[in-house]
Amino acid sequence: MSIVSRPADRPAGPEQPAAEEIAAYVVAAAVWAPSVHNTQPWWFSADGQELSLHADAGRQLRVADPRGREMMISCGAALFTARLALRSLGYAPRTSVLPDSDEPLLVARVSWQRRAAAAEYEQQLYGQVRQRRTHRGGFDPVPIPLGLVAMLQEGAERDGAMLRIVRSAGNRAVLAAAVETAEQALELDGMYARELASWATPPGSTRRDGVPHSAYPARPEFTLPYFPGRDFAKGNRWGVTGSSPSAAPRSAGLVCILTTAGDGLIDWVNAGQALQRALLTSATCGVTAALHTQPLERARLREFLRTELCDGAYPQLVLRLGTATQTAVSVRRAPASVLFASGGERLTISDE
Ligand SMILES: Cc1cc2nc3c(=O)[nH]c(=O)nc-3n(C[C@H](O)[C@H](O)[C@H](O)COP(=O)(O)O)c2cc1C
């Protein structure tokens with residue numbers, strides 16, 4: 001896919017890139033944020049030097065995510081990416097999260113006027129926006145780079161969240177068991193299974209949302225302790241076959257829970273911003289993440305994890321971090337299909 005040309009890379013001239021071009025550039029990056037089942041539950045409206053990010057309730061998982069928690073986390077990840085795209089152009093974005101209490105689906109307004117050169121690390125994070133992929137499987141038996149954990153924890157705090165490392169063997173086993181229990185319960189739930197199947201796209205599909213068969217292994221890779229992934233293929237023999245997973249379990253990696261002190265809309269958006277910062281920061285160090293939200297979709301299991309592993313804070317995401325050969329491929333809707341002028345008409349983008 002070609003990327004909208006970078007307005008700031010043009011030969012220096014007296015005129016700044018047009019606001020419309022900047023909005024297009026930002027949205028073309030933001031759509032590469034992670035989202036639950038790759039639902040991409042967002043749309044954008046542009047008005048001069050201001051972009052609004054809206055949650056698209058039509059793409060909410062009504063069964064797995066009835067409160068819209070994962071939808072708002074996904075939008076938070078898109079918000080972080082939009083802000084980062086503006087930084088990559090040398091703008092200092094001004095962000096107002098949930099600016100209108102009467103409009104809970106208006107996630108944020110981001111405007112840009114003031115210029116401030118991007119820091120080296122911001123450019124590095126931006127460089128990972130389209131490269132980063134969700135991993136589904138085990139990791140190489142090597143520790144993650146020194147210093148990364150502290151960087152991730154500091155980053156999460158900046159976004160109003162907390163990254164808790166689940167270090168003890170006992171707690172890792174407890175969390176893995178919660179993931180497995182949830183996975184089994186969800187697989188037995190017909191409505192849930194139908195919803196999941198509707199976001200798992202078959203080989204040959206031209207859909208640009210959902211989880212394609214190229215994004216997960218055909219056979220589960222066992223880890224110690226075992227963190228089962230979602231069964232996207234359910235009964236179909238889909239998935240990447242390639243290298244056959246070895247019989248010996250692989251490393252589960254560094255196991256973490258991203259938490260917030262509260263559990264409202266703002267906390268979910270914060271968690272999404274923190275998630276995308278953590279994923280991109282990890283990617284700059286060659287570290288990839290596997291996500292396991294299954295136990296957080298079962299109220300009792302989530303409450304159990306909150307009290308037993310999170311000191312009463314609200315678990316928003318379960319992550320495993322490590323190094324592995326990246327095989328997953330993902331898809332996104334065309335930016336033009338999610339960007340509108342404030343009057344409602346579509347903005348023209350060359351990136352279809
Ligand atoms: C809130 C949220 C929850 C997610 N939960 C899971 C999960 O339980 N299992 C999984 O394999 N991926 C999970 N993901 C990752 C998405 O499936 C992934 O971001 C999406 O398919 C796009 O692929 P990409 O991240 O490789 O670009 C989650 C992502 C978000 C934002």
Side-chain angles (χ1 to χ4, degrees), residues 1-4 27-44 56-65 70-71 74-75 77-78 81 128-138 183 186-222 227-246 250 279 283 288-294 297 324-339 346 349-352:
M1 184 172 102
S2 71
I3 292 167
V4 171
V27 170
V31 296
W32 284 98
S35 61
V36 62
H37 298 359
N38 202 15
T39 47
Q40 303 168 47
W42 47 60
W43 61 278
F44 300 82
D56 181 347
R59 290 177 163 266
Q60 181 183 343
L61 301 176
R62 295 284 164 188
V63 181
D65 184 31
E70 294 181 82
M71 174 179 74
S74 305
C75 288
T81 318
Q128 294 299 326
V129 164
R130 290 169 174 82
Q131 312 303 324
R132 175 213 60 79
R133 290 279 73 81
T134 297
H135 179 67
R136 297 183 176 93
E183 180 56 30
L186 292 170
E187 282 180 27
L188 292 173
D189 177 334
M191 288 208 331
Y192 170 87
R194 276 192 291 283
E195 183 178 69
L196 181 66
S198 71
W199 290 101
T201 52
S205 167
T206 53
R207 263 177 71 175
R208 292 173 73 165
D209 57 6
V211 181
H213 70 107
S214 48
Y216 49 87
R219 281 188 287 155
E221 273 192 352
F222 287 95
F227 283 83
R230 294 193 195 256
D231 189 2
F232 289 108
K234 198 158 178 79
N236 299 301
R237 294 199 177 151
W238 299 344
V240 179
T241 39
S243 59
S244 62
S246 83
R250 297 183 73 202
L279 296 179
T288 174
L291 278 78
H292 294 275
T293 326
Q294 302 105 312
E297 291 171 358
T325 307
Q326 181 76 69
T327 53
V329 175
S330 195
V331 290
R332 291 297 188 276
R333 289 185 291 159
S337 66
V338 294
L339 174 57
R346 254 183 205 164
I349 309 182
S350 57
D351 185 19
E352 282 287 359

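Positions are given from 1, in the same order as the sequence printed here. Below, all heavy atoms of this structure are taken into account, side chains as well, without hydrogens, waters or symmetry copies.
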Grab the two heavy atoms, one from [X] and one from [Y], that are nearest each other, plus how far apart they are.
{"X": "Gly210", "Y": "Pro212", "result": "O-CD, 3.3 Å"}
{"X": "Ala28", "Y": "Pro335", "result": "CA-CG, 3.7 Å"}
{"X": "Trp42", "Y": "Ser74", "result": "CZ3-O, 3.5 Å"}
{"X": "Ala193", "Y": "Glu187", "result": "CB-O, 4.4 Å"}
{"X": "Gly138", "Y": "Ala324", "result": "O-CB, 3.9 Å"}

Would you say the side chain of [Y] lies within less than 4.5 Å of the side chain of [X], judging by non-hydrogen atoms?
{"X": "Met71", "Y": "Asp65", "result": "yes"}
{"X": "Arg219", "Y": "Val240", "result": "no"}
{"X": "Glu70", "Y": "Thr39", "result": "no"}
{"X": "Leu196", "Y": "His37", "result": "yes"}
{"X": "His213", "Y": "Pro202", "result": "no"}
{"X": "Leu339", "Y": "Phe44", "result": "yes"}

Please identify each residue that fulfils side chain to side chain contact (heavy atoms under 4.5 Å, CB included) with [X], with sequence neighbours left out.
{"X": "Ala218", "answer": "Thr241"}
{"X": "Gln131", "answer": "Gln128"}
{"X": "Val63", "answer": "Met191, Tyr192, Glu195"}
{"X": "Ala289", "answer": "Leu279, Leu291, Leu319, Leu321"}

Next item on the list: Could you verify whether a donor N or O on one side chain and an acceptor N or O on the other, from Ser330 and Arg332, lie under 3.5 Å apart?
Entry: yes
Check: Under the 3.5 angstrom rule, does the side chain of Asn38 hit a backbone N or O of Ser35 as a donor-acceptor pair?
Finding: no
Check: With distance as the sole test, does Arg133 use its side chain to make a donor-acceptor pair with the main-chain N or O of Thr327 at under 3.5 Å?
Finding: no
Next item on the list: Show the numbers, then the answer: is there a side chain to side chain contact (heavy atoms under 4.5 Å, CB included) between Thr293 and Val36?
Entry: CA-CA 9 Å; Thr293 326; Val36 62; 5.6 Å; no
Margin query: I need the His135 NE2 to Arg132 CZ distance, nearest 0.5 Å.
Written below: 13.5 Å
Item checked: Evaluation steps, side chain to side chain contact (heavy atoms under 4.5 Å, CB included), between Arg230 and Arg136 -> CA-CA 9 Å; Arg230 294 193 195 256; Arg136 297 183 176 93; over 6 Å; no
Item checked: Intermediate values then yes/no, side chain to side chain contact (heavy atoms under 4.5 Å, CB included), Gln40 and Val338 -> CA-CA 10 Å; Gln40 303 168 47; Val338 294; over 6 Å; no
Next item on the list: Output all residues satisfying side chain to side chain donor-acceptor pair (under 3.5 Å) with His292, sequence neighbours left out; order by chain, then residue number.
Entry: Arg320
Item checked: side chain to side chain contact (heavy atoms under 4.5 Å, CB included) assessment of Tyr216 paired with Thr134 -> CA-CA 9 Å; Tyr216 49 87; Thr134 297; over 6 Å; no
Checklist line | Arg59 with Asp209: basic N within carboxylate O range, under 4.0 Å | finding: yes
Note to self: Listing request: all side chain to side chain donor-acceptor pair (under 3.5 Å) pairs with a residue in residues 197-206, at least two apart in sequence or in separate chains.
What the structure shows: none
